[in-house]
Amino acid sequence: MSKSTDELFKNVISHAKEYGFVFPSSEIYDGLSAVYDYGQFGAELKNNIKTYWWKAMVQMNDNIVGIDSAIFMHPKIWKASGHVDGFSDPMIDNKDSKKRYRADQLLEDKIERYDKDGKTDKAEQLQHDMDEALKNEDLPRLKELILEHEIADPIGGTRNWTDVRQFNLMFSTQMGAVADDADTIYLRPETAQGIFVNYLNVQKSGRMKIPFGIAQIGKAFRNEVIARQFIIRMREFEQMEMQFFVRPGTQKEWFNQWKETRLKWHLALGTDAAKYRYHEHTKLAHYADAAYDIEFEFPFGFKEVEGIHSRTDFDLSQHQQFSGKKMQYFDPEVDPETGKPYGNYIPYVIETSIGLDRMFLLTMINAFEEEDLSTEDKQDSRTVLRLHPCLAPVKAAIFPLTKKDGLPEKAREIMDRLKVDFNIQYEEKDAIGKRYRRQDAIGTPFCITVDHQTLEDDTVTIRYRDTMAQERVASADLEKIIGDQVSWRNLLK
RNA sequence: GCGGAAAUAGCUCAGCUGGUAGAGCAUCAGUUUCCCAAACUGAAGGCCGCGGGUUCGAAUCCCGUUUUCCGCUCCA
């Protein structure tokens, strides 16, 4: 990482905190690792990003509908999805080789070796001890066993082990007043399952015909071993996901289409296309038959912002098996090859899944500029967030040029008119230039100044964030001028 | 998780070999000015991340801990 990009990232983080975009969670108590809160402008920006996504996905596609499923779900769902078995392992690290192993697998290997060597007594004893320890979730005991049986790192060969730790990516809690294993439920580690388990409800109640999609925006939780780089990897984060249900055999086409559609969504914001790239997964997850990430070049390198995955019929099949409910869809359309309807099948799924917090950070980094405005006479600079007007937290700020002569009253009158349509700020403190710069720092695209001429002919000046140029316009035209610029039409057309 | 670095005002940082806590910007009140960081006057803001230890005395030295950043590792 070069020094300047490193600086950029730090400056964005400082800026985000200083101007009320992102704060460390629980900061007065020293913060909580990898948890962040959105401040007054951050919340607005985040909501605008959500709106852009929701409109582009749900409103603009008549075959996609949106839902909002609960964070708590039946625990069996996570068994069906593979999350329970995939992510609750006792792990141990070797301090010399820095390799991490599953503690139970190291012991299993040892048992096998005892068996091979004819030491069946030892094998049985160890098996018994291990089962006991696993059952009781006695992690110190697992380490004792590893030490007792002199198990060495298969790669490094040393026995310099850390303690055994339970790695479970899912947060768990108890439902019901009595703490009992049977009542353990999880905070969802992804929003996708909320869509899969509602697939039948939506399809039937909405009379949806394949191909169709279900979209959702919501929080997900992962107990990451390490979480760093600001809001790139958080323990509580927000996803915007869409699962698109298609006829088996057509998944490739749809996959390619969504891959392109989603990148276009990003580029419509005016981001430099060179900052984006696709990354193809070569090692596919157990559920996928194709997977691409859309990556963005953050100051610390390319990072995944969005994933487009072809999930086959894995999830719906699993839920059919675990729930005992049929997940099939009857497709009445006639197959030209056979001349008969396609009939019953479990749909294949194309998933688009974007990390909202990452999108937020991307937007901030992309918009952030420390512009040098120095002239020969004096040094000058400004910090400006060049946010797309649709995403800007505050659409316009209204300033009376001075605090006297009835200008504040006039300015407030205009604000009261505009605030019905737009998020507006009013400021009368400090010199006009300073107020302009303050608004630049939070990305407000327009500043409207009420001066003495306003009282005579009802015109105001409008000053543009990006060019810093000013224009005199009729106050009555403001709704149209601002409205045109912040209209979602600019992004969705 | 391992290794490295850091933590002092809202932000950026200074604070020497231990001896009363500092600056710039920002904030608030006022005067003045008025179209791009104005000036002046005044004010507020600090458990020097937290806990222990050494010391007559710790922001400063030592130990622990929390949080953050960097590298590895991890991320179905």
Side-chain angles (χ1 to χ4, degrees), chain A residues 1 6-7 9-11 13-20 23-36 39 78 81-89 91-101 160-165 167 169-170 189-190 222-230 232-233 281 283-288 291 293 300 303-304 307 309 311 314 371 373-375 378-384 399-405 407 428-441 447-453 460-465 467-472:
Chain A
M1 189 190 306
D6 190 22
E7 288 290 299
F9 186 46
K10 280 184 180 155
N11 292 344
I13 294 173
S14 301
H15 192 83
K17 190 186 168 199
E18 191 171 358
Y19 287 90
F23 308 121
S25 165
S26 318
E27 200 187 6
I28 61 169
Y29 289 100
D30 265 351
L32 188 60
S33 183
V35 186
Y36 291 88
W78 306 113
S81 69
H83 284 81
V84 169
D85 296 332
F87 278 88
S88 59
D89 304 322
M91 306 294 282
I92 190 166
D93 296 78
N94 185 283
K95 290 180 188 168
D96 298 319
S97 67
K98 313 275 187 216
K99 293 289 173 197
R100 175 168 295 160
Y101 301 93
N160 189 9
W161 296 106
T162 63
D163 287 339
V164 176
R165 288 170 303 251
F167 280 74
L169 220 56
M170 287 196 291
E190 63 175 25
R222 287 184 199 176
N223 205 354
E224 300 284 355
V225 179
I226 50 157
R228 260 197 311 225
Q229 280 170 326
F230 199 43
I232 276 281
R233 180 168 304 155
H281 287 213
K283 195 184 119 202
L284 290 168
H286 58 269
Y287 53 72
D293 291 340
F300 36 86
K303 290 277 175 195
E304 177 189 354
H309 297 173
R311 292 181 78 126
F314 175 82
E371 192 179 7
L373 299 171
S374 297
T375 57
K378 65 166 187 174
Q379 274 207 326
D380 196 9
S381 68
R382 65 166 182 163
T383 301
V384 52
F399 311 142
L401 187 58
T402 72
K403 271 187 269 189
K404 314 178 291 198
D405 306 333
L407 297 185
E428 59 180 32
K429 174 121 177 71
D430 292 317
I432 194 79
K434 192 173 253 180
R435 284 179 267 167
Y436 286 149
R437 300 299 170 85
R438 264 205 293 261
Q439 293 298 325
D440 287 341
C447 291
I448 294 150
T449 302
V450 170
D451 56 17
H452 293 91
Q453 195 180 330
V460 294
T461 61
I462 183 163
R463 178 263 196 188
Y464 300 98
R465 176 195 67 200
T467 58
M468 295 170 74
Q470 275 178 270
E471 245 187 289
R472 182 160 284 275

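Reckoned from all heavy atoms, side chains included, excluding hydrogens, waters and symmetry mates.
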In whole angstrom, give me the gap between the [atom1] atoms of [N] and [M].
| N | M | atom1 | result |
| --- | --- | --- | --- |
| B:G51 | B:U67 | P | 16 Å |
| B:C16 | B:U60 | C1' | 10 Å |
| B:G64 | B:G1 | P | 16 Å |
| B:A21 | B:G46 | C1' | 8 Å |
| B:U32 | B:G15 | C1' | 37 Å |
| B:U68 | B:C62 | P | 24 Å |
| B:C25 | B:C61 | P | 30 Å |
| B:U33 | B:U20 | P | 45 Å |

Side chain [X] and base [N] donor-acceptor under 3.5 Å:
| X | N | value |
| --- | --- | --- |
| A:Arg222 | B:C75 | no |
| A:Asp451 | B:C35 | yes |
| A:Ser14 | B:C11 | no |

If you compare all heavy atoms of [X] against all heavy atoms of [Y], which two are closest, and at what distance to 0.1 Å?
| X | Y | value |
| --- | --- | --- |
| A:Phe23 | A:Gly39 | CE1-CA, 3.5 Å |
| A:Thr461 | A:Gln470 | OG1-NE2, 3.5 Å |
| A:Glu428 | A:Pro400 | CB-CG, 3.7 Å |
| A:Arg222 | A:Pro189 | NE-O, 2.9 Å |
| A:Val460 | A:Thr449 | CB-O, 3.5 Å |

Nearest-angstrom distance from the residue atom [atom1] of [X] to [atom2] of [N]:
| X | N | atom1 | atom2 | answer |
| --- | --- | --- | --- | --- |
| A:Glu428 | B:A29 | CD | C1' | 14 Å |
| A:Gln439 | B:A37 | CD | C1' | 15 Å |
| A:Tyr464 | B:C35 | OH | P | 20 Å |
| A:His15 | B:G10 | NE2 | C1' | 14 Å |
| A:Asp430 | B:A29 | CG | P | 10 Å |
| A:Lys403 | B:C35 | NZ | C1' | 17 Å |
| A:Lys17 | B:U67 | NZ | P | 16 Å |
| A:Phe23 | B:C11 | CZ | C1' | 12 Å |

How far does [atom1] of [X] sit from [atom2] of [Y], to the nearest 0.5 angstrom?
| X | Y | atom1 | atom2 | result |
| --- | --- | --- | --- | --- |
| A:Ile432 | A:Arg463 | CD1 | CZ | 9.5 Å |
| A:Thr402 | A:His452 | OG1 | NE2 | 4.5 Å |
| A:Gln453 | A:Arg472 | CD | CZ | 3.5 Å |
| A:Tyr436 | A:Met468 | OH | CE | 10.0 Å |

If you only use heavy atoms from C-beta on, which nucleotide in [options] is closest to the side chain of [X]?
| X | options | value |
| --- | --- | --- |
| A:Phe9 | B:U68, B:C36, B:C70 | B:C70 |
| A:Met468 | B:C36, B:C11, B:U68 | B:C36 |
| A:Lys404 | B:C75, B:C34, B:U33 | B:U33 |
| A:Ile432 | B:C74, B:C69, B:C35 | B:C35 |
| A:Tyr436 | B:C35, B:G10, B:C28 | B:C35 |
| A:Thr461 | B:C36, B:C35, B:A29 | B:C35 |

### Summary
Nearest-nucleotide check on RNA chain B, A:Thr449 vs A:Arg438; residue mapping nearer the 5' end is A:Arg438

## Note on the structure
Per nearest nucleotide of RNA chain B, the residue lying toward the 5' end, A:Glu27 or A:Glu190, is A:Glu27

### Query
Any side-chain heavy atom of A:Trp78 sitting closer than 4.5 Å to one from A:Glu190?
yes

Taking only nitrogen or oxygen atoms into account, show me every contact under 3.5 Å that the protein makes with nucleotides 38-47 of chain B, one pair per line with its distance.
none

### Message
If the condition is salt bridge (charged side-chain N to carboxylate O under 4.0 Å, His left out), which residues does A:Asp405 pass it with, not counting sequence neighbours?
### Response
none

### Task
Name the nucleic acid region contacted by A:Arg463, choosing base, sugar-phosphate or nothing; use a 4.0 angstrom heavy-atom cut-off, strictly under.
base

### Task
For a salt bridge (Lys or Arg N to Asp or Glu O under 4.0 Å) with A:Asp440, tell me which candidate from A:Lys434, A:Arg382, A:Arg435, A:Arg465 qualifies.
A:Arg382

### Summary
Output field dot_bracket for RNA chain B (Watson-Crick or G-U, both distances under 3.5 Å, | for other-strand pairs) contains (((((((..((((.....[..)))).(((((.......))))).....(((((..]....))))))))))))....

